[in-house]
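Letters go in sequence order (proteins before strands), and every chain restarts at 1. Everything quoted here is computed from the prediction, not taken from an experiment. The basis for the numbers below is simple: all heavy atoms, side chains too, and nothing from hydrogens, waters or symmetry mates.
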2 protein chains.
Amino acid sequence: MKNEKCPVLNFTEQIGGKWKLPILNAIRKNGSLRFGKIHQIVEGVSRKVLTDQLKGLEKDKLIIRKQFEEIPPRVEYSLTDKANGLNEVFEAIGKWSNTVDK
Amino acid sequence: MKNEKCPVLNFTEQIGGKWKLPILNAIRKNGSLRFGKIHQIVEGVSRKVLTDQLKGLEKDKLIIRKQFEEIPPRVEYSLTDKANGLNEVFEAIGKWSNTVDK
DNA sequence: ATTGATAGTTACCTTTTGGTAACTTGTTTC
DNA sequence: GAAACAAGTTACCAAAAGGTAACTATCAAT
């Protein structure tokens with residue numbers, strides 16, 4: 001069931017904030033990523049905030065968290081189909097950034 | 001001159017935050033808008049925050065502020081070419097929001 | 001027995017963002 | 001002479017977001 005809310009609000013409510021778009025982009029470019037690797041790639045984010053954002057993305061069904069029962073722990077994050085639907089958005093952002101002077 | 005920063009960061013630094021994307025979308029859909037009209041359309045934003053965001057968008061050359069020397073005052077905001085370049089992004093967001101259940 | 005590895009959690013603090021309510025400005029309307 | 005209008009500004013406060021540093025768990029290697 002779809003609500004009638006503005007599509008832009010629907011987007012910003014799920015993917016707003018400073019880190020979610022960069023996090024999704026990092027995972028998307030790598031297929032799947034471990035926590036530590038995301039922490040390296042998305043520069044400047046603290047581990048606390050990273051876990052918060054990942055939880056939010058998981059709750060909104062944008063990423064899948066797969067935990068391996070190993071020691072030391074291993075967790076891999078990958079995109080859901082829903083998040084893969086954002087590919088066009090990422091591509092449009094990429095185009096825009098390249099045509100605009102920064 | 002372009003820097004080598006990640007396109008996604010370039011985007012979020014200019015258009016991040018809760019209100020900027022909805023504000024740009026409102027102006028874009030109407031061609032140009034007065035302050036009070038934006039305040040009506042973008043629901044929930046206070047006048048203080050709206051002026052702050054509009055100033056930020058103007059500084060980043062995403063909108064043009066045209067002030068008419070009239071009483072009572074009239075100010076109209078419109079998009080720059082740079083912001084019009086975001087059309088594809090808005091379209092991609094629209095498509096995504098419609099295919100996804102909310 | 002200590003160190004190291006990974007993926008967090010927790011308590012606490014700072015910064016950023018956002019909100020409210022009152023005030024301003026100058027002309028026109030009542 | 002007071003009220004209304006539009007587009008703010010200002011002072012002040014509250015909430016959200018984000019950061020730091022220390023801690024946890026479990027097993028393997030030294």
_By nearest heavy atom, map A:Q67 and A:I71 onto DNA chain C; which one lands nearer the 5' end?_
A:I71

*Heavy-atom count around B:K82 NZ within 6.0 Å, excluding the residue itself: above 12?*
yes

*Taking CZ from B:F68 and C1' from D:dC5, how many angstroms apart are they, rounded to a whole number?*
17 Å

*Ring geometry between B:Y77 and B:F35 (parallel below 30°, tilted from 30 to 60°, perpendicular above 60°)*: tilted

*asked:* Under 4.0 Å, heavy atoms only, any strand: does B:G16 hit a base, just the sugar-phosphate, or nothing?
replied: nothing

*Would you mind reading off the distance between A:E70 atom CD and D:dA25 atom C1', rounded to a whole angstrom?*
15 Å

*asked:* Both B:D52 and B:P72 contact DNA chain D. Taking the nearest nucleotide for each, which residue is further toward the 5' end?
replied: B:P72

_Interatomic spacing from CG in B:L24 to CD1 in B:I15 - rounded to 0.5 Å_ = 6.0 Å

*For B:E69 and D:dA7, give me the distance from atom CD to atom P, rounded to whole Å.*
13 Å

*With respect to the side chain of B:F35, which nucleotide from D:dG8, C:dA7, D:dG18 is positioned closest?*
D:dG8

*asked:* Any side-chain N or O of B:R47 below 4.0 angstrom from OP1/OP2 of D:dT10?
replied: no

_Options D:dC12, C:dT9, D:dG18, nucleotide nearest the side-chain atoms of A:K48_ = D:dG18

*Spacing between A:Q40 atom CD and C:dA5 atom P, to the nearest angstrom*: 13 Å

*Does A:K55 make a side-chain N or O approach to OP1 or OP2 of C:dT9 shorter than 4.0 Å?*
yes

*Rounded to whole angstroms, how far apart are NZ on B:K66 and P on D:dA7?*
15 Å

*What distance do B:H39 atom NE2 and B:I23 atom CD1 have between them, rounded to the nearest 0.5 Å?*
10.5 Å

_DNA chain D: 5'-proximal contact among A:Q53 and B:Y77 (nearest heavy atom)_ = B:Y77

*Which nucleotide in the set D:dA7, C:dA11, D:dC5 lies at the smallest distance from any side-chain heavy atom of B:P73?*
D:dA7

*Taking the side chain of B:R34 as heavy atoms from C-beta outward, which of D:dG8, C:dG8, D:dA7 is closest to it?*
D:dA7

*Is it true that atom CD of B:E43 has more than 12 heavy atoms of other residues, nucleotides or ligands lying nearer than 6.0 Å?*
no

*asked:* Distance check needed: D:dA6 P versus B:E76 CD, whole Å only.
replied: 13 Å

*Looking for any heavy atom pair under 4.0 Å, which part of the strands does A:G56 touch: base, sugar-phosphate only, or nothing?*
nothing

*asked:* Whole angstroms only, please: what is the CD-P distance between B:E43 and C:dG18?
replied: 17 Å

*Between D:dG18 (C1') and A:L54 (CG): distance, integer Å*: 15 Å

